[in-house]
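In what follows, a single structure is set out as structure tokens and then discussed.
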2 protein chains.
Amino acid sequence: MSAPSTPDGAGAGAIRVLLADDQALVRGALAALLALERDIEVVAEVGRGDEVVPAAQASGPDVCVLDIEMPGADGIEATAAVRRALPGCRVLVVTTFGRPGYLKRALAAGATGFVVKDTPARQLADAVRRVHAGLRVIDPALAASSLVEGDNPLTEREQDVLRLALTGAAVADIAGGLHLSQGTVRNYLSSAIGKTGTTTRYEAARVAQERGWL
Amino acid sequence: MSAPSTPDGAGAGAIRVLLADDQALVRGALAALLALERDIEVVAEVGRGDEVVPAAQASGPDVCVLDIEMPGADGIEATAAVRRALPGCRVLVVTTFGRPGYLKRALAAGATGFVVKDTPARQLADAVRRVHAGLRVIDPALAASSLVEGDNPLTEREQDVLRLALTGAAVADIAGGLHLSQGTVRNYLSSAIGKTGTTTRYEAARVAQERGWL
DNA sequence: GCCCGGGCATGACAGCTGTCACGGTGACGA
DNA sequence: TCGTCACCGTGACAGCTGTCATGCCCGGGC
């Protein structure tokens with residue numbers, strides 16, 4: 001495979017890529033996949049969100065390929081941090097769950113591309129190239145459902161109580177954790193249940209999470 | 001990298017591998033990783049559990065590398081089906097969640113190996129070789145926690161009601177779905193809550209799922 | 001200055017959840 | 001034959017959940 005010229009005129013240099021995924025096997029496999037491309041070079045691999053920026057600063061990638069669910073910091077936080085620390089570096093988010101809420105937050109955080117792990121493997125390298133060229137790479141179906149779903153209707157406090165509800169905490173525990181009264185917590189829960197169209201706080205939390213609202 | 005001789009004396013032939021994972025990107029990346037090994041050949045890739053046996057029959061793999069969570073049939077069902085249909089074919093289960101319950105059921109279904117996606121990438125090929133040689137490949141930490149946790153204490157009916165509880169169904173819905181009275185359902189739920197050491201049916205269902213009891 | 005929304009709170013209420021006691025039936029193993 | 005276990009059921013009860021009405025305070029936008 002011949003090496004194409006890079007859009008910014010840098011000549012024969014390969015696209016330098018940093019990979020972040022908490023699963024070592026998946027990360028290594030993705031590195032192997034990208035290493036097949038002569039114009040792409042994997043220069044760093046990390047397994048935690050909070051290792052992305054230090055590793056990027058040390059290795060100087062052109063593109064960061066980031067999973068979302070990682071310890072230390074999630075991929076969206078890492079995206080924002082990368083954009084701040086290395087403005088010339090572009091971010092491609094690669095995630096298991098194609099959640100419209102994730103897509104929106106990723107783009108808001110500065111990601112150039114967003115693909116899900118259902119994507120055919122051969123498209124990953126192309127996505128990296130396109131992102132490197134400054135082109136948007138977003139799964140069309142996901143973009144469509146993101147438009148349909150609209151913005152997150154939950155207030156900050158509603159999100160707070162739902163996050164604790166996800167852990168199975170009782171109203172009294174949530175109240176204690178957020179320094180609110182139990183009645184207030186019940187009001188926020190009830191409101192969140194209404195906005196998600198569910199009947200219990202557990203369902204509300206799950207649906208909010210699925211939509212990327214949490 | 002030189003090709004080692006195979007343990008069964010088949011000579012220079014590479015180990016034929018079938019890959020099953022519902023995420024195309026992960027599946028393709030794993031195929032790329034294994035394809036780097038001169039003694040391993042990926043002969044088929046499928047994305048659904050119920051495609052495993054037909055594909056295996058068509059391609060004649062020595063080892064099937066199976067994810068667990070797949071549409072059509074999960075990797076444990078696929079393991080049992082492969083062992084029945086092609087007794088000479090060995091199975092290596094590769095999964096995201098290292099759940100002791102999964103491990104036990106996978107081994108009971110006939111899997112020779114069981115690794116989690118936290119495994120370093122370079123160990124996958126070695127795991128495939130060892131499984132091909134008939135050797136057990138099991139993550140030691142997982143094996144240890146599997147022994148500690150003991151068997152699944154839930155009765156069939158308790159599992160049934162917890163599965164429906166996972167979907168957020170109310171007692172009346174669960175009763176209707178299983179043709180039981182509401183009181184009976186509450187008794188089973190209460191018993192399952194006790195056995196999982198939780199306080200709500202949602203937590204009980206989640207914990208049971210985490211332990212591989214569901 | 002007014003209006004609106006979010007945050008926070010109290011209180012009342014209907015219905016649900018989970019626990020517990022008790023009991024019948026059938027299968028199975030000793 | 002007996003004991004045990006799972007399955008199934010009823011009923012009572014305490015406490016929790018979710019809804020709803022109502023109201024205050026504060027900050028932002030018009």
Side-chain angles (χ1 to χ4, degrees), chain A residues 101 104-105 108 149-214, chain B residues 101 104-105 108 149-214:
Chain A
K104 288 182 172 178
R105 284 160 57 207
E149 282 202 9
D151 290 323
N152 179 2
L154 299 172
T155 69
E156 289 292 322
R157 268 321 208 186
E158 287 167 354
Q159 292 176 49
D160 289 341
V161 300
L162 279 189
R163 274 187 201 101
L164 290 181
L166 263 180
T167 71
V171 166
D173 299 323
I174 297 174
L178 297 176
H179 302 103
L180 299 172
S181 75
Q182 297 190 32
T184 298
V185 169
R186 294 226 292 277
N187 283 331
Y188 286 142
L189 287 173
S190 185
S191 177
I193 288 167
K195 288 177 179 175
T196 52
T198 54
T199 56
T200 67
R201 72 186 71 155
Y202 308 100
E203 283 187 272
R206 186 178 54 79
V207 164
Q209 191 173 52
E210 283 175 2
R211 292 177 185 168
W213 292 348
L214 288 186
Chain B
K104 289 184 170 178
R105 286 161 55 206
E149 283 203 7
D151 290 322
N152 178 3
L154 300 172
T155 68
E156 289 292 319
R157 267 323 208 186
E158 284 166 355
Q159 293 175 48
D160 289 341
V161 300
L162 280 188
R163 274 186 204 101
L164 291 180
L166 263 180
T167 72
V171 165
D173 300 323
I174 297 175
L178 297 175
H179 302 103
L180 298 173
S181 77
Q182 298 190 32
T184 298
V185 169
R186 294 227 291 276
N187 284 329
Y188 288 141
L189 286 173
S190 186
S191 177
I193 288 168
K195 289 177 178 176
T196 53
T198 56
T199 55
T200 68
R201 72 186 72 157
Y202 308 100
E203 283 187 273
R206 185 178 55 77
V207 165
Q209 190 173 52
E210 281 175 1
R211 291 178 186 169
W213 293 347
L214 288 185

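What you see below is based on every heavy atom in this structure, not just the backbone, and it leaves out hydrogens, waters and symmetry mates. Below, chain A is the first sequence line, B the second, and so on; all start at residue 1.
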Pairs satisfying salt bridge (Lys or Arg N to Asp or Glu O under 4.0 Å), at least one member in residues 184-196 of chain A, at least two apart
A:E158-A:K195
Do B:R163 and B:D160 come within less than 4.5 Å of each other through their side chains, counting heavy atoms only?
yes
Per nearest nucleotide of DNA chain D, the residue lying toward the 5' end, B:T155 or A:T200, is B:T155
When all nucleic acid strands are considered with a 4.0 Å heavy-atom cut-off, which category describes A:T184: base, sugar-phosphate, or nothing?
base
Working to the nearest 0.5 angstrom, can you tell me the gap between A:I193 CD1 and A:Y202 OH?
10.0 Å
Taking every non-hydrogen atom, the tightest pair across B:A204 and B:A192
CB-O, 4.3 Å
Just how far, in rounded Å, is C1' of C:dG6 from CG of A:L180?
13 Å
Using five pairs at each end of the helix from C:dG1-D:dC30 to C:dA30-D:dT1 to define an axis, what is the angle between those two axes, to 10°?
40°
Along DNA chain D, first and last positions that approach a heavy atom of chain A under 4.0 Å:
D:dT17 to D:dA21
Figure out the CD/P separation between A:E158 and C:dG7, and round it to whole Å.
7 Å
Among residues at least two apart in sequence or on other chains, which ones pass ring-ring contact (aromatic ring centres under 6.0 Å, His included) with A:Y188?
none
Inter-residue atom distance B:L180.CG - B:I174.CD1, 0.5 Å rounding
10.0 Å
Identify, between A:E156 and B:T198, the residue whose nearest nucleotide on DNA chain C lies closer to the 5' end.
A:E156
Dump the intermediate steps for side-chain contact (heavy atoms from CB on, under 4.5 Å) on A:R201 and A:V171, then the final yes or no.
CA-CA 10 Å; A:R201 72 186 71 155; A:V171 166; 3.5 Å; yes
Minimum heavy-atom distance between B:T198 and B:T200, given as atom pair plus value:
OG1-O, 3.7 Å
Mind listing the closest non-hydrogen atom pair of B:E203 and A:T167 along with its distance?
OE2-O, 4.1 Å
Taking only residues two or more places apart in sequence or in another chain, which ones pass salt bridge (charged side-chain N to carboxylate O under 4.0 Å, His left out) with A:R206?
A:E210
side-chain contact (heavy atoms from CB on, under 4.5 Å) with A:R157: of A:V185, A:L162, A:L178, only one passes, and it is A:L178
Can you check nucleotides 20-27 of chain C for protein contacts, nitrogen or oxygen pairs under 3.5 Å, and list what you find?
residue, atom, partner, partner atom, Å
C:dC20, N4, B:N187, OD1, 2.6

